[in-house]
Amino acid sequence: MTIVDALFSAFAIPFMGRALVVMLVLAVVAGVVGVLVNLRGLEFISDGLTHAVFPGLAIGLAVGGASGLIPGAAIAALAGALALTWLDRAGVTSDAAIAIVLTAAFSIGVIVVSKSSDYAGELEALLFGRVLTIPPDQVLPLVAVSGVALVAVVVTLKQQLFRAFDARGSRAAGDSALVLDLVLNAAIALVVVAAASTVGTLLVLALLIVPGAVARLVTMRLWWLFPVAAGFAAVAAWLGLAAGFAVSVGAGVDVPAGATIVAVFVLGYALVLAVAQVAGWVRGSGVGRSGFEPLPPASDAPRPARTGARRPAAPLEHAARARRAGEER
Amino acid sequence: MTHSPVLRLTGAAFTHPGGAGVAGLDLEIGRGEAVALIGPNGAGKSTLLKGILGLVPRTAGTLELGGARASERPSHSRNGMVAFLPQSAELDADFPISLEQVVMQGRYRGLGLLRWPGRADRAAVAQALDRVGLAQLAKRPFGELSGGQRQRGLLARALASQPALLLLDEPFNGLDQANRDALVETLRQLKADGVAVLVSTHDLELARLVCDSVVLVNGTQLAHGPVDDVLTLGNVQECFEGVEVEIDEHTLVVPGHEGH
């Protein structure tokens, strides 16, 4: 098998073509939503939602078979979004509270799945996804779920960014924090639903978090974050599928495609991080806000430059920093 | 023909769900008037500002904006009349946003969800930046500006919404003389344009240079009137609850308090 076969010809095969369509749509939407997750520091809440979806997937599978996956996951995810939004506004959004919710949800899912006759097989499919075996009649629902998430975010995008930057200012300007949080958490939940059916619940988080973190490394221009994150996610999804195909068919090693996709996401992040470090060193100032962009010339007593030793933040560091920013819910 | 005051509080109280708050507020601010809000930390100054914005519930009295009574519940809308200048130190300096984009946020309330900024909005943003003297820094990342420039940038955001009432929370904290002078000049221009201003401050120079009257608060409204009548040593000592304070033409020195 040649590289061209893996990168292009493989996708002429129907199941690979379906996987590519779903993953490209999902990657673009997850990239856009993921930028907001990054800016708001909602990584751990997103993790909670990925686990909250698990019992929905399990119950959906038990009740309706494969066609019950998306409805089951959607109900569980939206219930999770409501619960986490409520916890957040009630002021009990401690990491412990989220951890309790997500582990409780996960245990319910495991109990439900354990009643299945094919316990191991079902569990593996739910945890690691089944991107290469997506039935043709599930492509449209997955694209639709992703589309709803994208529309929800795009319609509220100005206000979401305002809230991410200045929560109190956003509320003072008349924005409803409750509505904005519900919309964003629901959008995250819908991405989780679509992704859980493809890359599985354990790997969903990479799709939501890595593209936004990459975009923060690449650019400090607000509106460029979204195309950069979406573009990175789309390319990584394509290369991940191709890698999975090459390893499984070319090398004869059976590897879940969801895992290769996420591996490419993480490798991509590591590569961008390394390039950003080098770019910072070349400029002689370490890594600045973005590894690639020099600061504009100062013309009026700028605040002291960041220390040269500063390094770009890892995805979860952005979350911690955003929480420290004193955001008012 | 008489004009309704931009802001009128009558026997008003604002109380956080936890119980802390400020009460006994009787206050009017007309077009082109500025009022300084002075009191110790924890006196309820920020609670009063948040109450006017609708972010803290009003538990007594009435609040009128432009002659219309505001609802008693915390409201998400003040019909675009009120703008708020927070302390810039509260914002995340690492957020990837330019000064121009921050100022554009002042236009969002008028745009709603579906409309995006147009030519008129960009013109309003440019005008607001020009007014605070930061037009040449419009494209710079907000986090790379000095503290004073960020504060002026947030003032530009407030101005871009073209408010009738401007609320400022300790706007001079940490500013150098050049930025203080620029802020004072901008506030004077705003008054001349008919904007009503309510500013929480420890800076008596600001009160004397810009404000027409002063309100002393410490959990309740203690005094209200012209600057020189209210800012007496006795009044200020009563307001700061026996803490040894020094007061002269420009400064209020309160041991253990930030500000001037």
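Numbered from 1 within each chain, the chains take letters A, B, ... in sequence-line order. These figures come from a predicted structure and were not determined experimentally.
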Exercise. Should we say atom CD of B:E28 is surrounded by more than 12 heavy atoms from elsewhere, each under 6.0 Å from it?
Worked result: yes

Could you tell me the separation between the [atom1] atom of [X] and the [atom2] atom of [Y], rounded to the nearest 0.5 Å?
X: A:L222; Y: B:I97; atom1: CG; atom2: CD1; answer: 5.5 Å
X: A:R171; Y: B:L53; atom1: CZ; atom2: CG; answer: 10.0 Å
X: B:Y108; Y: A:R163; atom1: OH; atom2: CZ; answer: 15.5 Å
X: B:Q101; Y: A:K158; atom1: CD; atom2: NZ; answer: 13.5 Å
X: B:D169; Y: A:R168; atom1: CG; atom2: CZ; answer: 6.0 Å

Please classify the contact between [X] and chain A as side chain, backbone, both or neither, with a heavy-atom cut-off of under 4.5 Å.
X: B:F84; answer: side chain
X: B:L167; answer: neither
X: B:R115; answer: backbone

If every non-hydrogen atom of [X] is compared with every non-hydrogen atom of [Y], which pair is closest and at what distance?
X: B:R157; Y: A:G169; result: NH2-CA, 4.2 Å
X: B:G112; Y: A:Q159; result: O-NE2, 3.2 Å
X: A:V154; Y: B:W116; result: O-CZ2, 4.1 Å

Exercise. Step by step, would you call B:R109 with A:D175 a salt bridge (charged side-chain N to carboxylate O under 4.0 Å, His left out)?
Worked result: CA-CA 8 Å; B:R109 176 164 41 192; A:D175 293 339; over 6 Å; no

Problem set entry | Contact check, side chains of B:P96 and A:R216, non-hydrogen atoms, under 4.5 Å | yes

For this session: Could you tell me whether the side chain of A:F162 reaches within less than 4.5 Å of the side chain of B:V102, counting heavy atoms only?
Result: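 Counting from C-beta outward, B:V102 and A:F162 never come under 4.5 Å.
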
For this session: May I have the step-by-step check of side-chain contact (heavy atoms from CB on, under 4.5 Å) for B:D92 and A:F165, ending in yes or no?
Result: CA-CA 7 Å; B:D92 179 7; A:F165 173 65; 5.8 Å; no

